[in-house]
Amino acid sequence: MKKRILGITSAVILAATSISALPAMADYQSMGTCSDSYGYDYEAWNQNSAGQITWTGDRDPGGSFTCSWSNTQNNLFRKGKRQKRRTTNYKQMGTITIDYGVKYHPKGNSYMCCYGWVDDCKGQYPTVEYYIVEGWGSWRPPGNAGSMGTVTSDGKNYDIYRTVRTNQPSINGTETFFQYWSVRKQNENPARDQQEVDIKSTITVSNHFAAWEKAGMDMSGTMYEVSLNVEGYQSNGSANVYTNVLNYDGFNGGPRPEWANDDDPGPDIQNPEDEVKYTTPSGSGTGISDDFEGSGTNWKTRGASAYGITSDMAHGGKNSLYVTGRSEAWHGLQCDGGSELKAGGTYNISAFCSYKNDTYKNLSYTIGLMYKGSGSGTSYDDIVTVEGSSEKWTELSKEFTVPSGATDIALYIQTKYTESPSASDLLSFFVDDIKLTESGSATTTTTTTTTTTTTTTTSSSEGGNDAKLAGDVDCNGKVQIADAVLLARYIAEDSVTVTTAGLANAELSGNKSLDADDLAALLHLLAGL
């Protein structure tokens with residue numbers, strides 16, 4: 001059995017490494033701008049020209065089109081407007097709406113959605129591919145449903161989440177980019193494959209953008225495209241888009257249909273956090289211990305976050321340090337130990353944290369220790385985690401010991417670590433009155449405004465050897481053919497070692513055991529399928 005598995009997987013891996021050298025049929029692509037008075041942009045695409053498609057979008061008036069597909073690999077049909085990297089953030093476009101009416105009949109995997117891209121402005125902001133999914137076929141769009149919260153708009157409830165595409169084609173060539181999702185809790189196509197459904201509704205696109213930003217999903221780039229999209233993946237289906245009216249400031253895609261004028265889009269988006277004014281620190285501070293009453297500090301941002309000194313909230317004096325713009329739970333603050341933290345030393349650390357957002361009842365904060373040990377990677381040990389409530393200062397306090405032989409020692413402050421953060425995990429927060437003392441020189445107490453202190457010890461990473469990245473079996477931060485080779489050898493029990501994080505990254509098929517299904521999924525990932 002061992003030889004058989006190795007033989008099969010070696011052959012498959014050899015095929016995968018040769019994918020780029022194999023001749024492939026060209027993709028079918030038709031795109032342009034309609035010549036009528038409305039000026040919609042259109043695109044029809046069929047990967048490798050597989051199967052058969054029909055499409056009328058380049059001829060039908062306004063935003064309407066009909067399409068069908070059978071036995072295809074991946075295909076899409078859409079009409080909307082491409083901004084083409086104009087310097088326009090979505091907030092400058094006013095209220096963006098799509099009124100649609102679609103006779104939709106997917107037979108297999110398919111989405112009917114609002115679709116588009118946000119440009120990264122030459123690397124200043126994230127590139128984003130986004131979906132607002134109204135209906136689907138046999139498979140609900142993948143992801144950790146609701147992990148970033150929910151949004152209610154136009155009388156419909158959606159789960160919000162985010163996924164990452166690694167080294168894949170985008171509007172800026174091959175790159176790693178985010179996908180943002182709002183997916184209906186209730187499918188607009190309940191019949192699935194059995195029959196055609198006639199769907200009429202409104203998508204207030206701006207509501208979803210605002211909800212994503214509130215959840216910590218950065219939409220700072222410029223709008224590249226907003227379209228109504230019908231997509232199929234290894235399936236059959238058809239759609240008759242008889243109404244597709246896109247409107248925003250600067251583009252009038254037509255009058256709202258009569259049925260849409262009676263709708264009350266009334267968004268039910270939770271109030272965003274109060275706007276906090278802060279000043280970026282200038283110069284150094286007093287070391288790890290800091291009350292942030294000066295203009296500078298030794299504390300720096302950790303991950304993709306912004307920070308500054310603010311008088312909006314304070315624990316002891318007039319100011320505190322504010323952390324915002326977080327897109328992962330580990331994004332926050334860190335301070336190098338310098339001469340204050342030594343290997344083998346025992347210390348007391350205390351700090352006060354708070355946040356302002358009445359939507360969320362509590363938030364858990366963490367102080368942790370990061371260092372390099374005997375291995376090549378960086379260790380992350382949570383010292384203390386405490387839960388607090390809105391607009392109340394919560395104290396975190398704990399004695400800790402730096403491991404012997406540790407180097408590159410630093411402290412960090414973040415919210416409680418999770419690999420799939422929810423909107424509450426990404427809230428902005430305040431930090432004040434940080435105090436570090438050597439053990440024995442101060443009395444250690446632990447109190448909070450709300451709950452009893454709980455302590456966890458983990459070894460998590462924001463991008464090192466233990467990073468969570470689907471398919472990254474060897475944990476080097478990249479998904480490569482070497483990962484498939486390592487996984488094949490592990491499945492075949494060929495005397496290789498895979499770390500716990502690598503095993504978690506290798507679980508791709510969802511069957512909770514590492515086998516040939518996971519290897520096949522990894523090879524599909526490597527092949528761009």
Chi angles and distances behind the side chain to side chain contact (heavy atoms under 4.5 Å, CB included) call for Y158, V183: CA-CA 5 Å; Y158 300 77; V183 180; 5.8 Å; no
Criterion side chain to side chain contact (heavy atoms under 4.5 Å, CB included) on R78 and E231, from CA distance to verdict: CA-CA 8 Å; R78 62 180 184 255; E231 186 168 344; over 6 Å; no
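With values rounded to the nearest 0.5 angstrom, L321 atom CG is found 9.5 Å from W299 atom CH2. From D474, atom CG reaches atom CG of N505 across 9.5 Å, with rounding to the nearest 0.5 Å. Note that CE of M223 and CG of N89 are 8.5 Å apart. Values are rounded to the nearest 0.5 Å. Distance OG1/T72 to OH/Y28: 13.5 Å, rounded to 0.5 Å. Rounding to the nearest 0.5 angstrom, the gap separating the CG atom in D408 from the CG atom in L341 is 12.5 Å. Once rounded to the nearest 0.5 Å, the distance linking CG of N74 with CG of N46 reads 8.5 Å.
With hydrogens and angles ignored, the 3.5 Å screen pairs no side-chain donor or acceptor of N48 with any backbone N or O of D27. Side chain of D381 to main chain of L369: no donor-acceptor pair is present (N/O by atom type, distance under 3.5 Å, no hydrogens or angles). A distance-only check finds a donor-acceptor pair linking the side chain of N476 to the backbone of K478 [under 3.5 Å]. Looking only at distances, a side-chain donor or acceptor of R302 sits under 3.5 Å from a matching main-chain atom of W330.
Closest approach of T176 to N167, counting heavy atoms only: OG1-N, 3.2 Å. Contact detail for A470 and L525: the closest heavy-atom pair is O-CD2, 3.9 Å. Residues P106 and G137 share a closest heavy-atom pair of CG-CA, 3.8 Å. Closest approach of F430 and Y355 over heavy atoms only: CD1-CA, 4.1 Å. Residues N109 and S138 share a closest heavy-atom pair of N-OG, 3.3 Å. Taking each heavy atom of Q334 and T301 in turn, the nearest pair found is CG-O, 4.5 Å.
Here D425 does not pair with K416 in a salt bridge; the nearest charged N to carboxylate O distance is not below 4.0 Å. R162 has a carboxylate O that lies under 4.0 Å from a charged side-chain N of E328, or vice versa, which qualifies the two as a salt bridge.
When only modelled atom types and interatomic distance are considered, S201 and K156 share a side-chain donor-acceptor pair under 3.5 Å. When only modelled atom types and interatomic distance are considered, Q168 and T174 share no side-chain donor-acceptor pair under 3.5 Å. A donor-acceptor contact closer than 3.5 angstrom links the side chains of T346 and T401. Side-chain N/O atoms of T366 and Q414 include no donor and acceptor closer than 3.5 Å. For the 3.5 Å distance criterion, the side chains of Y365 and E387 fail to qualify, holding no donor opposite an acceptor. In this structure, a donor-acceptor pair under 3.5 Å is present between the side chains of E213 and Y90. Checked by atom type, the side-chain pair Q83/E225 shows no donor-acceptor distance below 3.5 Å. Side chain to side chain, R165 and S170 fail the donor-acceptor criterion of an N or O pair below 3.5 Å. N362 and S389 share no side-chain donor-acceptor pair at under 3.5 Å. Side chains of S220 and D218: a donor-acceptor N/O pair is present below 3.5 angstrom, by distance only. A side-chain donor from one of S428 and T324 sits under 3.5 Å from a side-chain acceptor of the other.
Within a 6.0 Å sphere centred on CD of Q52, heavy atoms belonging to other residues, nucleotides or ligands number 12 at most.
W181 and Y131 have parallel rings, their planes meeting at less than 30° on a 0 to 90° scale where 60° marks the start of perpendicular.
Residues F177 and W117 bring their aromatic ring centres within 6.0 Å. Aromatic rings of Y180 and W212 (six-membered ring for Trp) have centroids within the 6.0 Å cut-off, being under it.
The ring pair (Phe, Tyr, Trp, His ring centres under 6.0 Å) test with Y130 singles out one residue from F209, Y161, F178, and that residue is F209. Of the options Y104, W69, W139, a side-chain hydrogen bond (donor to acceptor under 3.5 Å, both in side chains) to S110 is made by Y104 and by none of the others.
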